[in-house]
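Structure first, then comments.
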Amino acid sequence: MSANVQSLSDGHVQLAVRGMTCAACVRRVERALGKVAGVQEAQVNFATETASVTLVPDAGAFDPSGLVAAIEDAGYHAQVQEADAPIQEEVLPWWQVWGGVLLGGALSLPLVLPMFWGAHHFWPAWVQFALATPVQFGLGARFYRAGWAALKDRSGNMDQLVALGTSAAWGLSCWLWWSHAQASQSVHGEHAAHTAHQAPDLYFESAAVVITLVLLGKALEARAKRETTAAIRALQALRPDTVCRLGPQGEVTVPLAQVLVGDTLIVRPGERIPTDGLITEGSSHVDEAMLTGEPLPVAKTQGDRLTGGAVNAEGRLVMQVTAVGSQTMLAHIIRRVVDAQAAKAPIQRVVDRVSAVFVPTVLVVALLTGLGWWLSGQGGDVALIRAVAVLVIACPCALGLATPAAIMAGTGAAARQGILIKDPQALEMAHRVQIVAFDKTGTLTQGHPRLLDWQVPGAADVTAGWDRIQALRVAASLQAGSEHPLAKAVLEALKALAPEAGQPAVDAWSAQAIQSVPGRGVSGVLPADGLHAWAGEWRLGSTRWMQELVGHAEGALPQKAQAWASEGATVSWLMYQPPYDEAAGTAPAWQVMAVMAFGDELKQGAAQAVARLHALNVRTVMISGDNQGAAQAMARKLGIQQVIAEVLPGDKADHIQRLQQGEDGQRQVVAMVGDGLNDAPALAAADVGMAMANPEGGTDVAMQAAGVTLMRGDPMLVPAALEISRRTSTKIWQNLAWAFGYNVVGIPLAAFGGLNPMLAGAAMALSSVSVVSNALWLSRWRPARIA
């Protein structure tokens, strides 16, 4: 950081935390952070070794060093992470990772091997002591330090269990060795020789092997956890270090950090797009697989958007920068994945509360175990060994890893396929979805409708001179400058009209006072100059608007419109009101001047996506502003089960809430799929909002409004998002069942003498590794593809 005190506009601080060993440590760090003034909430993720701190509102200038100090006082190490700072994989020398394991194995192996030959007393006591002591107090020093720090904080953790258990085994062995030596000195002759031959059972090997196995488990666990952050590191690697900037001195290579909005950059074939921008010159194909999951390169030409991190295929591109640094799409994607992996699922909060009392409970169980065996007459050494086995097997590492490991693997796998999940809450809710409601345009369809046909009234119904070309010119004049898909279709149709021989191209007139009326259409005024009879107010819009203004249209146009609507076309009406008649003192009536039919092609995979949702026992609904006939025709093509038509954009959220209430009063979990531009209220109202990225822009809006962002316009990503959510949820419960079941079975087994400390240590290490390995199976997940 450039300064210790920084203004945090988003009210969050991210820290890297090192030294945590189990779920109990998570609770301890959170408690330490919660005591710092200005902290509203602290969430610590054991798997990612990060802490996310939410400050009280209006915190203003805040000194993060206080957070670091609180963690250091609790016995751990911390460092503030810069916003958007790369997550670096901690690459340590092999000897730092595996050196302790190898040394512990080398010292423990001679103690263990004779036991397989039935020669428990193969080594003299002093040799066992010499082999075990460096492991106990050298390699095991980390457990003493961490356990003492937790004890000073009046809390428990895994290190205390390991330190107490192995120290008890080592100490008991020393006591038995000393007692046997004293007994040997107190007897003489044959009895002395016999006593010396009957060496006591020592447990130095148990202490050494347990520490070695715990270190092995930690090394394997760390390796597995690094794989869960592979998705984030892969995304961060998409940023090039340098770029080619075009300036007054020509093409100059500069660091990416020096690029500003408005700069002109050159992207050569094979290079990565350095940041977001627009193509100003050239054309090429761009590979966006790492960002959107799209397997095929996408054609790009002048005026198209480029996203930083994609790969330019064959053409030279000149681009103008529109976003840099934390404002780029790649930065938003990385931030979304990091936030999802760092946050806690609701079930994890329950696990944390359990782990907070787990270690004290285990200590009590171990004490009762030792007392029970001692009182039963088995002797102090047997009682202590049984208590040690309980302490060793009860490590709560697996509890701390069960949920975050699955969430990290699941969100990482989803991100690689173009599915960005906002947080664990969205992930957990998605697997419970019962209804998926689709917006139509841009979600199920291409979003680029075209004008299929249009019809004008007969000559007897309107002023002479009115024809199809005049109608198209007026419609185009109302739509000039609009970005609405139907407006573009009208303008394209006018442009496509071939002029008659010797005549200029047909152009739109210049309308005035153009105004968009949400859910209805557009209105405008044509001035009298040069337009003769067609001056006045014009409106182009929906059937509802036509009925509000005109009532019921006469003639052949309503039948034509009904036929188009039954075929799935969207119908719009062109209406005209002549200028105010001062002589009559009344406003002229509105009249219908044309009816237009618009059609939009279905997206590839839309029908397959609906079928896949039905296979997942999810009901499908389409919410559309189209008339009932057009919406029903589209639904029949796709197999959608319910249609809600003629819905204004502002009313979509109300319909989502009605779907949530359920027809029989049973609460339904509803997901809304929209393009993220005008569907934000509905996306927010749904239990799970799925925003489909729009190639025309607005993806930033989508990522903020929805719990799930689909980075490409593929409807098959909707069932894929539900599927990865279900699989992740299954892995979470599998891991928790393994972690809890392991302790439920293992602790009684150790308490009743079914496990010695060595086997308990091996089982403890296996538990943590198994939980992470089970979660990593999610990395193999791939969504279903269209055949």
Side-chain angles (χ1 to χ4, degrees), residues 84 86-89 229-246 251-261 263-338 412-420 692-697 699-700 703 709-714 716-717 779 782-783 785:
D84 304 313
I87 294 180
Q88 300 291 343
E89 182 179 3
T229 59
I232 299 176
R233 295 196 304 274
L235 286 170
Q236 292 174 333
L238 299 181
R239 295 177 173 130
D241 295 327
T242 59
V243 299
C244 181
R245 184 169 61 189
L246 183 62
E251 298 182 10
V252 181
T253 300
V254 298
L256 177 61
Q258 295 183 9
V259 174
L260 303 175
V261 173
D263 283 354
T264 300
L265 305 181
I266 306 296
V267 185
R268 302 181 183 90
E271 293 182 344
R272 287 200 180 275
I273 310 297
T275 188
D276 296 354
L278 294 174
I279 298 177
T280 58
E281 181 182 330
S283 61
S284 182
H285 284 79
V286 175
D287 183 359
E288 299 177 335
M290 280 298 296
L291 299 171
T292 67
E294 175 60 53
L296 299 177
V298 180
K300 299 284 186 179
T301 187
Q302 186 173 348
D304 288 341
R305 296 174 180 269
L306 292 174
T307 303
V311 178
N312 181 25
E314 76 279 356
R316 179 180 183 271
L317 297 177
V318 181
M319 62 176 288
Q320 185 177 25
V321 177
T322 58
V324 296
S326 62
Q327 302 305 312
T328 63
M329 179 58 59
L330 178 59
H332 285 305
I333 293 172
I334 294 173
R335 193 177 305 120
R336 173 63 63 88
V337 178
V338 170
R416 283 191 290 272
Q417 302 302 324
I419 303 170
L420 296 185
M692 190 171 286
N694 191 316
E696 303 299 328
T699 304
D700 288 351
M703 295 176 71
T709 301
L710 310 178
M711 292 304 297
R712 66 181 188 274
D714 183 356
M716 285 296 289
L717 289 183
S779 301
R782 298 291 183 275
R785 296 287 185 185

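Sequence positions, counted from 1, serve as the residue numbers for this chain.
The CZ atom of R272 sits 11.5 Å away from atom CG of D241, with the distance rounded to the nearest 0.5 Å. Considering OG1 of T242 and CG of L256, their distance stands at 8.5 Å, rounded to 0.5 Å. Here CE of M329 is found 9.5 Å from OG1 of T322. Values are rounded to the nearest 0.5 Å. Separating the CD atom in Q302 from the OG1 atom in T280 is a distance of 7.0 Å, to the nearest 0.5 Å. To the nearest 0.5 Å, atoms CG (L330) and CZ (R239) are separated by 5.0 Å. Here R782 contributes atom CZ and R416 contributes atom CZ; the two are 6.5 Å apart, rounded to the nearest 0.5 Å.
In this structure, V243 and L265 approach most closely via the heavy-atom pair CG2-CD2, 4.2 Å. Pairing each heavy atom of P240 with each of P274, the nearest pair is CG-CA, 3.7 Å. Q258 approaches D263 most closely through the heavy-atom pair O-OD2, 4.2 Å. Residues M692 and D714 come closest through the heavy atom pair CE-O, 3.9 Å. Closest non-hydrogen pair, N312 versus R268, comes out as ND2-O, 3.2 Å. Contact detail for H285 and P297: the closest heavy-atom pair is CB-CB, 3.9 Å.
Distance alone, capped at 3.5 Å, places no donor-acceptor pair between the T328 side chain and the D276 backbone. Panel note: side chain R245, backbone P255; no donor-acceptor pair is recorded below 3.5 Å. Between the side chain of S284 and the backbone N or O of E314, at least one donor-acceptor pair lies under 3.5 Å. The backbone N or O of T301 lies less than 3.5 Å from no partner atom in the side chain of S283, so there is not a single donor-acceptor pair.
Around CD of E281, the count of heavy atoms belonging to other residues, nucleotides or ligands within 6.0 Å does not exceed 12.
The shortest distance between side-chain heavy atoms of L260 and V324 does not fall below 4.5 Å. Taking 4.5 Å as the limit, some side-chain heavy atom of I279 sits within range of a side-chain heavy atom of L306. Side-chain atoms of L278 and R305, non-hydrogen and from C-beta on, do get closer than 4.5 Å to each other.
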